[in-house]
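The structure appears right after this line, and notes come after that.
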Amino acid sequence: MRFLPKHPKRRKRLALIALMITGIGSAVALATIALKENINLFYGPTQILEGEAPKNHAFRIGGMVEVGSVKRNKDSLEIYFEVTDTVNKVPVSYTGILPDLFREGQGIVAQGKLREDGVFVADTVLAKHDENYMPPEAAQAINDAQKIQSTLTGN
């Protein structure tokens, strides 16, 4: 072992430095993994249908509840509806009690996962809190989708 110093104090210092570097590296790695798992990205219906959203990974979707799309299961708290950005729609399934302000034609943001079959399974549904408010992410998704649609149609 020629690379190790012969002096005992230097060996202790070298071991301590190596231990500190290993500990700091481990802490950084664990923090990075924890942050990756807890990031909730936002996607609009157009982005989801274009394949930008991850499947089986938590993220948020936002837009308007499509008028006429709300269907409730009479035997449970399960509800199905579609979220639209006025261009594309994504089916959403949610089991639980919806917010009081949840209505067709209103803006919402839902958090959950996209299944392989294209249905978004929501864990949480948040509705806007008054008539004039639209969640910023949902408003941006609607504006982006309308820009894409106008570009495609040439308007």
I61 and V109: CA distance, side-chain angles, deciding distance, side-chain contact (heavy atoms from CB on, under 4.5 Å) verdict: CA-CA 6 Å; I61 181 176; V109 173; over 6 Å; no
Non-hydrogen side-chain atoms of E104 and V67 separated by less than 4.5 Å: yes
Test item: I108 and V83 side chains (from C-beta on) under 4.5 Å apart, heavy atoms: yes
Drop me the distance from [X]'s [atom1] to [Y]'s [atom2], to the nearest 0.5 angstrom.
{"X": "L49", "Y": "Y43", "atom1": "CG", "atom2": "OH", "value": "13.5 Å"}
{"X": "H57", "Y": "L114", "atom1": "NE2", "atom2": "CG", "value": "12.5 Å"}
{"X": "L98", "Y": "L77", "atom1": "CG", "atom2": "CG", "value": "9.0 Å"}
{"X": "D85", "Y": "I48", "atom1": "CG", "atom2": "CD1", "value": "9.0 Å"}

Cluster link V125 to V119, ILVMFWY, side chain under 4.5 Å: no
Pairs touching residues 86-95 that satisfy salt bridge (charged side-chain N to carboxylate O under 4.0 Å, His left out), sequence neighbours left out: E66-K89
Main-chain N/O of E82 paired to S69 side chain as donor or acceptor, under 3.5 Å: yes
Sequence-distant partners of T86, side chain to side chain donor-acceptor pair (under 3.5 Å), two or more places apart: Q146
Partners passing side chain to side chain donor-acceptor pair (under 3.5 Å) against R115 (at least two apart in sequence or in another chain): D117
Proximity of F59 and F120 rings by center, below 6.0 Å: yes
Proximity of Y94 and Y80 rings by center, below 6.0 Å: no
Minimum heavy-atom distance T84-N88, with the two atoms named: OG1-O, 2.9 Å
Minimal non-hydrogen separation, P45 against G62, with atom names: CD-O, 3.4 Å
side-chain contact (heavy atoms from CB on, under 4.5 Å) involving D123 - partner list, sequence neighbours excluded: none
Qualifying residues under side-chain contact (heavy atoms from CB on, under 4.5 Å), relative to R103, sequence neighbours excluded: L101, Q106
Pair V121-K113, side-chain contact (heavy atoms from CB on, under 4.5 Å): steps then yes or no: CA-CA 5 Å; V121 179; K113 294 181 180 182; 5.5 Å; no
For residues 15-31, please give each side-chain donor-acceptor pair under 3.5 Å, one per line with the distance, not counting sequence neighbours.
unit_1 : atom_1 : unit_2 : atom_2 : d
T22    : OG1    : A18    : O      : 2.8
S26    : OG     : T22    : O      : 2.9

